Amino acid sequence: MLSLSRVVIGYGQLEVVHGVDLKVGKGELVAVLGPNGAGKSTLLNAIAGIIRIRSGAISLDDKSIGRLPSHLTCRAGVSLVPQGRELFLEMTVRENLELGVPASARRAGPERIEDVLRLFPRLRERIVQPAGGLSGGERAMLAIGRALVAHPSVLLLDEPTAGLAPKIVDHVRETLMALKAGGQTTILVEQNVNMALAVADSVYLMNSGKIARKEDVRESKDLFESFIG
Amino acid sequence: MQALRRLSGLASIGLVLCVGGSAAWSAEPGIAPDKIKIGMFGPLTGPVSLWGYPINNGAIAVYNHVNATGGIYGRKIEVVDEDDACDPAKAVAAVKKLIVREDVFAIHGGTCSATVMAAKDDIIEAKMPYVVMAATLDKISSPVNKYIYTTTMPGSGDGSVMARFVASMPQVKTIAIVKHSDEWADTKADAFSAALDKKIKVVATEQIDRKVTDAVSQAVRIKQLNPDVVIAFTYPAETAVLLRDARKYGLTVPFVATTSVMDLADLSQRAGGVDVVKQVYAASFLASPPGSSASAKWDEIYKASFPNDKLQTLSFFGMSGALLVVDALRRAGPDLTREKFIQALETTKDLDAGPAYCKISITPENHQGCTQGTVWSFVDGKVVPVGATWIEPKQ
Amino acid sequence: MRPAIVIFLLLLLLFAPFVLDAYTQYLVNLALSYSLVCLGLNLLLGYAGQFSFANAAFMGIGAYTYALLTSRLGVPSLVALPAAGMAATALGMVVAGPALRLSTVYLAMTSLAFAELVQWTFIHWSAVTLGTDGVRVRWPAVGSYVAQGDKNTFYVVLVVVAISYWSALRIVRSKLGRAFLAIRQGETLARCSGIDVERTKTIAYAISAFYAGIGGALFALTIRFIVPDGFGLVQLVLQFSMVLIGGLGSLLGGLVGSLLLTVMPELLRNVEAYQEMLYGVLLVLFVIFMPRGIVGLLGRLGLVPQEILVRGAVAYFDARRRKHSGL
Amino acid sequence: MSELLTLIAAGLEVGSLYALMALGLVLIYRTQSIVNFAHGELLMAGAFVGYVAFQPMSWPFPVALVLAVLSSTLLGVAVERVVIRPLVNHPHATLAMATVGVSVAVRGAARLPFGSDILTFPPIISAAPVFIGSLVISAQTVLTIVLAVSISVAVFLLIWKTRLGREIRATQQNYLGAKVVGINTGKIYSSSWAVASAIGGAAGVLAAPLTLLYPDMGATFLLKGFAAAVLGGFGNPLGAIVGGIAIGILEKLVGAYFSTYLIEISPYVIIIVVVFVRPQGLFGRGQIVRV
């Protein structure tokens with residue numbers, strides 16, 4: 001469904017990702033693991049169209065999206081939950097969610113928002129508050145919710161659990177499981193190996209801008225830990 | 001070492017070019033058998049270029065006219081017109097260029113007082129005969145300097161014409177003054193105050209800034225004091241704004257203004273109609289307004305050189321100076337030298353200054369050739385000279 | 001190799017008055033005075049990354065201090081010169097001090113207001129400044145020697161400019177200079193590496209004002225007649241253009257820019273009507289295509305040595321691009 | 001008393017123009033962190049286009065107004081696309097410099113056709129002013145205030161009630177966030193400039209009968225607009241409006257009750273006082289220290 005082939009990304013004179021191949025099937029949850037600076041976030045940003053790729057190709061359902069700017073990749077069905085959440089802090093929770101709804105689906109907006117509020121009841125309590133007043137966990141939920149109201153074909157999650165309390169990490173994990181059960185195609189970039197292994201169908205290991213290997217999750221967990229160090 | 005040799009080579013080439021480039025060798029700079037080079041400077045770029053072109057062009061039109069009618073002893077006047085952007089730093093550069101590079105015979109230029117003040121030293125050091133174009137600051141030509149001459153009415157003249165006129169107005173006991181904060185307005189205001197009838201009381205002195213959008217505060221303030229006359233030492237655009245707001249807020253007393261707004265027709269357009277400039281009296285250094293039969297000849301001369309321009313009274317600033325230059329060149333004779341030219345300038349007597357009100361007279365003790373002016377006003381929809389003293393308007 | 005070139009160039013400059021005519025000499029003097037004003041602006045804008053509009057006002061304060069001290073009080077030039085720098089610094093500190101703690105736009109606005117206030121004072125405090133009458137400036141005197149004429153003042157200007165550049169070079173190569181650059185690359189980052197950001201910004205501001213003040217003094221003794229109008233917005237735009245076209249974040253940049261922009265309008269005297277438009281378009285083109293100015297371009301072509309700071313600027317732009325694209 | 005009211009009415013008139021200037025400046029500043037020094041030229045362009053349509057062409061005023069707004073908008077969008085867009089990632093100083101360049105270029109261009117004369121825009125309504133005792137109000141004053149208020153209200157509705165407005169606010173608050181939710185940020189940049197320039201152009205036409213027309217006319221309004229924006233806490237549209245009106249009225253009062261020598265300098269004194277005393281402005285929320 002989503003496939004990357006020989007994708008190269010860089011900034012200025014610096015090349016960060018050197019020819020990555022990656023495939024995600026429909027309904028699959030793929031995790032990308034690797035140490036800091038491996039180029040995982042860069043890769044997600046490139047899929048979302050926020051960074052231009054230098055060469056290679058990205059295609060979604062056989063449609064090439066590798067050269068599209070972010071608003072068009074969004075329209076094509078890619079939604080990113082960025083590492084920094086990047087919420088609209090002066091707007092209310094509802095406004096944040098409304099902004100996630102694409103213009104083409106405006107009529108379905110209230111219904112989709114309702115779905116998200118069912119998924120994250122905490123957000124319902126805070127619905128009229130500005131996003132700037134939310135806790136870290138709530139912000140993570142809002143960021144995921146904002147991506148979900150777009151009903152993305154592919155959901156890109158960039159370290160959704162970073163800096164969260166264990167209880168909330170569990171909540172996020174359960175949410176991901178539920179989404180997977182609902183057939184959501186997802187790429188998850190994580191530092192939290194346990195959490196990633198718990199939800200992922202398959203795992204890519206990334207290091208120094210390259211995919212080191214693709215592993216089946218059922219394989220030994222120790223392998224990953226030795227790899228990441 | 002080789003680089004050094006190459007560089008010194010370049011320098012010597014440059015030297016040759018510099019020397020070779022200057023006018024052909026002659027006894028007197030700026031003079032050739034068939035031409036006389038006159039340097040000119042003024043604001044040709046930037047905001048003040050609004051005035052720079054009409055003023056300099058007035059002079060150029062006269063020189064062109066002289067050239068078209070045979071020149072001066074077979075010599076044509078060649079004008080080198082430099083930009084000073086009304087900026088002292090640029091004016092100094094322009095004048096140095098005229099002196100050193102262009103090697104002009106004399107300079108006729110300078111519209112902004114500051115640029116003339118800045119360039120003055122260089123002109124004197126170069127012993128360059130200099131006729132001021134339109135700057136009116138008294139300090140420029142007084143105290144007398146051998147090389148500097150003016151034909152435009154100095155600021156003090158403006159002020160005293162206005163004072164005389166106010167003294168002749170019936171039943172004026174109190175006046176209010178509105179002025180800019182600059183040396184242009186100060187000179188006029190100081191001369192005005194000095195010449196003002198001591199029985200007349202100044203009830204307020206208000207400031208109006210350059211480029212203001214309105215003058216409501218001034219109008220309201222003055223209206224409260226209810227003076228008999230308002231005296232305005234202001235530039236044309238600001239005078240228009242002041243008048244417009246004064247009339248709008250019910251300040252209907254007469255205004256007496258400087259030569260800057262003697263083009264009352266223009267002022268009425270800017271201020272919003274003839275009604276607004278009723279009872280406005282402007283000092284003027286011209287004998288008659290543009291468009292009148294007396295100035296027709298000069299209008300024609302201007303149009304001959306600049307057919308597409310609107311003729312403004314500003315252009316006459318340049319003309320009177322050019323007439324002085326031309327006259328002195330003629331009287332200096334065919335064997336022209338700067339010394340002879342200066343001598344001719346210093347012995348100018350009752351020269352017809354064309355459109356100007358005065359006759360130009362210069363002596364070694366007085367280099368301000370023109371100190372007389374008149375007063376203009378709108379009568380029956382036309383701008384007419386009413387004279388320096390009040391004449392009961394005929395109804 | 002490099003010191004040799006510098007000495008050679010200086011020697012060449014020493015002989016300049018023998019080849020140049022008075023007009024060119026005046027332009028050279030003017031450009032050199034501007035180069036000091038630009039030096040100040042470049043340290044603040046190009047190195048410390050602070051956007052301020054007070055530079056023309058600082059230049060004015062310097063020019064007026066020098067002119068009034070020498071012409072009205074008979075203070076010797078050698079005393080009046082540093083006094084000009086110090087006056088600019090002191091006044092700048094009083095007004096802009098609080099703005100340095102705020103975000104960029106507030107420093108910009110406060111300095112703009114300060115600049116207007118300074119000009120207003122020049123005009124209205126006529127008991128001291130002589131108002132719009134302007135102040136005539138004498139030829140500079142050192143002891144009993146009077147440097148009369150453009151050719152002689154050139155040496156005074158040259159010495160002051162040389163000393164200033166030398167000291168500026170020392171500053172940017174010191175720990176302080178590196179601190180400036182760190183702040184420019186990001187205040188948080190600078191704070192993390194143990195730099196007292198407020199203090200460093202204040203120092204940058206003070207140094208910048210000092211150079212602008214001295215530059216103003218040289219400007220006054222070059223044109224020998226100053227009026228309040230000369231230190232307004234037009235002057236400021238000119239200085240920004242000089243720094244930007246010459247080279248932001250390079251000491252040489254201000255010098256190149258001021259030489260170019262002093263000479264270029266003189267060469268363009270024939271296209272007056274289009275001059276202003278051309279000027280604006282040029283400015284925009286430089287900002288877009290050569291943000292590090294002529295010196296930056298020459299550096300990239302290997303014609304002048306890439307200063308550490310130019311390289312720093314490259315790194316900065318790269319870093320910024322990366323930050324904006326999401327990382 | 002009625003002098004006071006007269007002054008306040010006149011202050012409201014210019015103040016509402018300062019407010020429009022400040023509103024445009026704040027919109028652009030909020031979206032791209034650009035202090036737009038070419039904003040005065042957008043006003044100037046609007047004024048001149050309005051003049052040409054209203055005077056030599058003698059088209060009706062609404063047509064002149066629309067044409068002026070359109071041409072300023074076009075100019076603003078062009079500036080954004082050609083000059084600002086390539087510089088998006090550059091430091092504030094560079095961006096501000098670019099707008100300074102634009103300002104100089106536009107002024108130079110305007111000087112070619114309009115540089116030789118100061119033009120006058122006649123009052124749009126030539127009804128005689130109304131005297132109520134000594135309170136004087138002209139139809140022009142009322143028209144200016146009414147139009148300025150309507151424009152401000154329209155802009156506020158656009159910002160707070162439309163999807164475009166919400167996307168503009170989103171982009172202002174979080175650029176990356178806006179990209180992530182699929183907002184076409186390029187379009188938002190253009191729209192912000194379009195709205196700001198349209199306001200500038202309208203301000204130009206409204207200012208034209210009040211002031212006189214010349215290529216440098218924008219500078220005065222720009223500086224007052226800055227003062228208004230700072231007073232309102234640079235970045236707050238409502239603050240910009242209130243700041244503009246406050247400065248307009250204050251100028252008139254200072255001039256009439258203290259000294260006419262202080263009129264032009266008072267806005268700058270306000271800026272300095274505000275920065276010393278309450279740097280977040282009247283309406284800012286304390287977020288002024290950049291980290």
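Letters A, B, ... mirror the listed sequences (proteins, then strands); counts begin at 1. Fair warning: this is a prediction, and the values are worked out from it, not measured in the lab.
Residues D:Met217 and D:Leu43 approach most closely at CE-CD2, 4.1 Å, considering heavy atoms.
Counting only distance, with no hydrogens or angles, the side chain of C:Asn42 and the backbone of C:Gly249 share a donor-acceptor pair below 3.5 Å. Of the possible donor and acceptor atoms, one in the side chain of D:Ser72 sits under 3.5 Å from a partner among the backbone N and O of D:Leu42. Within the 3.5 Å criterion, the main-chain N or O of D:Gly186 finds a donor-acceptor partner in the side chain of D:Arg85.
Proximity to chain C is absent for every atom of D:Val106, based on heavy atoms less than 4.5 angstrom apart. Of the atoms belonging to C:Leu45, it is side-chain heavy atoms, and not backbone ones, that fall under 4.5 Å from chain D.
Chain C forms the most heavy-atom pairs under 4.5 Å with one residue out of D:Ala98, D:Pro86, D:Gly101, and that residue is D:Gly101. Ranked by heavy-atom pairs shorter than 4.5 Å toward chain C, the options D:Leu95, D:Thr99, D:Val180, D:Ile271 are led by D:Ile271.
Side-chain contact annotation: C:Gln119 with D:Tyr268, donor-acceptor N/O pair under 3.5 Å absent.
Contacts between residues 236-245 of chain C and chain D, counted as heavy-atom pairs separated by less than 4.5 Å, involve C:Val237, C:Phe240, C:Ser241, C:Leu244.
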Legend entry - Check against side chain to side chain contact (heavy atoms under 4.5 Å, CB included), D:Tyr189 and D:Val88: CA-CA 10 Å; D:Tyr189 284 165; D:Val88 167; 3.8 Å; yes
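Note on C:Asp196 versus C:Arg191: no salt bridge recorded, every NZ/NE/NH1/NH2 to OD/OE distance being 4.0 Å or above.
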